[in-house]
Amino acid sequence: MPAPTAIRQTAAASAAPVAPAADQDEEILIDAQPSTDGAAPAFNFASDPAHDADVHIDEEGRPVFTPAKDVHRVHRVEARKVPVPPHRMTPLKASWSRVYPPLVEHLKLQVRMNIKNRAVELRTSRFTTDTEALQKGEDFVKAFTLGFDVDDAIALLRLDDLYIRSFEIRDIKTLNGEHLSRAIGRCAGKDGRTKFAIENATRTRIVIADQKIHLLGGIKNVEAAQQAIVNLIMGSPPGKVYGNLRKVASRMKERF
C-alpha cells in the first residue's frame with residue numbers, strides 16, 4: 001500500500017491544469033472575447049486562420065458574405081409518358097410537325113412518339129432550365145389528346161392561369177338512349193353554333209367527345225361555360241341560355 005504522501009502527490013498532479021499543446025492552439029477557430037457588462041461573449045471571426053478570405057466584417061462586427069457563385073448542378077433525368085387514345089393517333093401523326101417544336105424549342109425537352117405503345121414520351125435534358133417544363137409539356141400533350149387544337153393547347157405553355165376541366169353528361173343527369181343523344185345535340189347546337197356561342201361568350205374552348213365534355217380556360221370562364229352546358233343538359237331552352245350568356249359576356253367586358 002503506497003504511503004499517504006505519495007497519494008497526495010498523485011492527486012495534486014491529476015488536478016493540475018494541463019497546458020494546451022501547440023497544435024491545439026492552431027485548431028481553435030473562434031475566440032470568445034470576455035464581456036465587461038456580463039452579456040454573452042462576442043465571437044471574433046477574424047481570429048480564424050482558416051476563415052474564407054471573401055468574408056469581411058462590417059463596423060458592427062457582423063460578417064458580410066460575398067454573393068454565391070454559380071455551381072454546376074448534377075443533372076437529373078425525369079421522364080413522363082402520355083398515353084394517346086386510338087382515335088387521336090391519326091390526328092397526332094398529321095399534326096406532329098406542329099406538336100413537337102413547342103416542346104423542344106420552348107421547353108427544351110426531349111420528345112418522341114412511340115407508335116408501338118401509342119404514347120408520347122417526354123424527358124428532361126441538361127438544357128432544360130424550367131423546373132415546371134415537364135409538367136407543362138405533359139399538360140400540352142394531354143390537351144391535344146383530349147381533342148383541343150394545337151393552337152389552343154399551346155396556350156397552356158404560355159399562360160399559367162389556364163386549366164382543363166372534364167366531366168360527363170351522366171354526372172349532371174342520368175340519361176340513356178335518345179334522351180342522351182338529344183342532350184348532346186342541345187350542347188352542340190346546329191352545326192355547332194351553340195358550342196361556338198358559349199366559347200365566344202365565356203372565352204373558353206369546348207370539346208364534346210360523345211358523353212364527355214372538356215373545357216379549357218380560366219377558372220371563372222370555365223365555371224360560366226360549365227353552368228351554361230349544365231342548363232342545356234337539364235333541358236333549358238337555348239334562348240334562355242343565350243340570354244344568360246349575354247349577361248356573362250357583358251360582365252366580363254366590364255371586368256377587363
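Here, residue 1 is the first one in the sequence, and each next residue gets the next number. Worth saying up front: this structure is predicted, and the values here are computed from it rather than measured.
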Taking all non-hydrogen atoms of both residues, which atom of [X] and which atom of [Y] are closest, and how far apart?
X: Y242; Y: A197; result: CE2-CB, 4.1 Å
X: L157; Y: G137; result: CD2-N, 4.4 Å
X: P63; Y: I57; result: CA-CD1, 3.9 Å
X: H214; Y: S166; result: ND1-OG, 2.7 Å
X: I198; Y: A228; result: CD1-CB, 4.2 Å
X: F144; Y: V150; result: CE1-CG2, 3.5 Å

Charged N to carboxylate O below 4.0 Å: is that the case for [X] and [Y]?
X: R62; Y: E60; answer: yes
X: K136; Y: D160; answer: yes
X: D149; Y: R205; answer: no

If you group Ile, Leu, Val, Met, Phe, Trp and Tyr by side-chain heavy-atom gaps below 4.5 Å, do [X] and [Y] land in one group?
X: I213; Y: F196; result: no
X: L134; Y: Y163; result: no
X: F140; Y: L92; result: yes
X: F148; Y: M113; result: no
X: V84; Y: V207; result: no

4.5 Å side-chain heavy-atom contact, [X] and [Y]:
X: R118; Y: P86; value: yes
X: I229; Y: I206; value: yes
X: V120; Y: K81; value: no

Mark yes when over 12 heavy atoms from residues, nucleotides or ligands other than [X] sit less than 6.0 Å from its [atom1]; otherwise mark no.
X: E168; atom1: CD; result: yes
X: R123; atom1: CZ; result: no
X: R112; atom1: CZ; result: no

- Under the side chain to side chain contact (heavy atoms under 4.5 Å, CB included) criterion, do I164 and V222 qualify, and how do the steps go? CA-CA 8 Å; I164 298 175; V222 167; over 6 Å; no
Measure from the side-chain N and O atoms of [X] to the backbone N and O of [Y], and report whether any donor-acceptor pair falls under 3.5 Å.
X: T128; Y: S125; value: yes
X: Q211; Y: R170; value: no
X: S236; Y: L232; value: no
X: D130; Y: E132; value: yes
X: N221; Y: G217; value: no
X: N114; Y: K116; value: yes

To the closest 0.5 Å, what do you measure between [atom1] ([X]) and [atom2] ([Y])?
X: T124; Y: Q110; atom1: OG1; atom2: CD; result: 8.0 Å
X: L122; Y: Y100; atom1: CG; atom2: OH; result: 15.0 Å
X: L175; Y: I233; atom1: CG; atom2: CD1; result: 8.0 Å
X: I184; Y: I208; atom1: CD1; atom2: CD1; result: 8.0 Å
X: F127; Y: L109; atom1: CZ; atom2: CG; result: 13.0 Å
X: K220; Y: T202; atom1: NZ; atom2: OG1; result: 14.0 Å

- Message: Working note: V141 + V111, criterion side chain to side chain contact (heavy atoms under 4.5 Å, CB included); need CA distance, chi angles, decisive distance, verdict.
- Response: CA-CA 11 Å; V141 177; V111 57; 5.9 Å; no
- Message: Using side chain to side chain contact (heavy atoms under 4.5 Å, CB included), reason through H179 and K173 one step at a time and then give a plain yes or no.
- Response: CA-CA 10 Å; H179 299 285; K173 187 177 182 180; over 6 Å; no
- Message: Show, in sequence, the C-alpha distance, side-chain angles and deciding distance for F167 and K212, and conclude whether the side chain to side chain contact (heavy atoms under 4.5 Å, CB included) test is met.
- Response: CA-CA 6 Å; F167 63 94; K212 295 183 179 180; over 6 Å; no
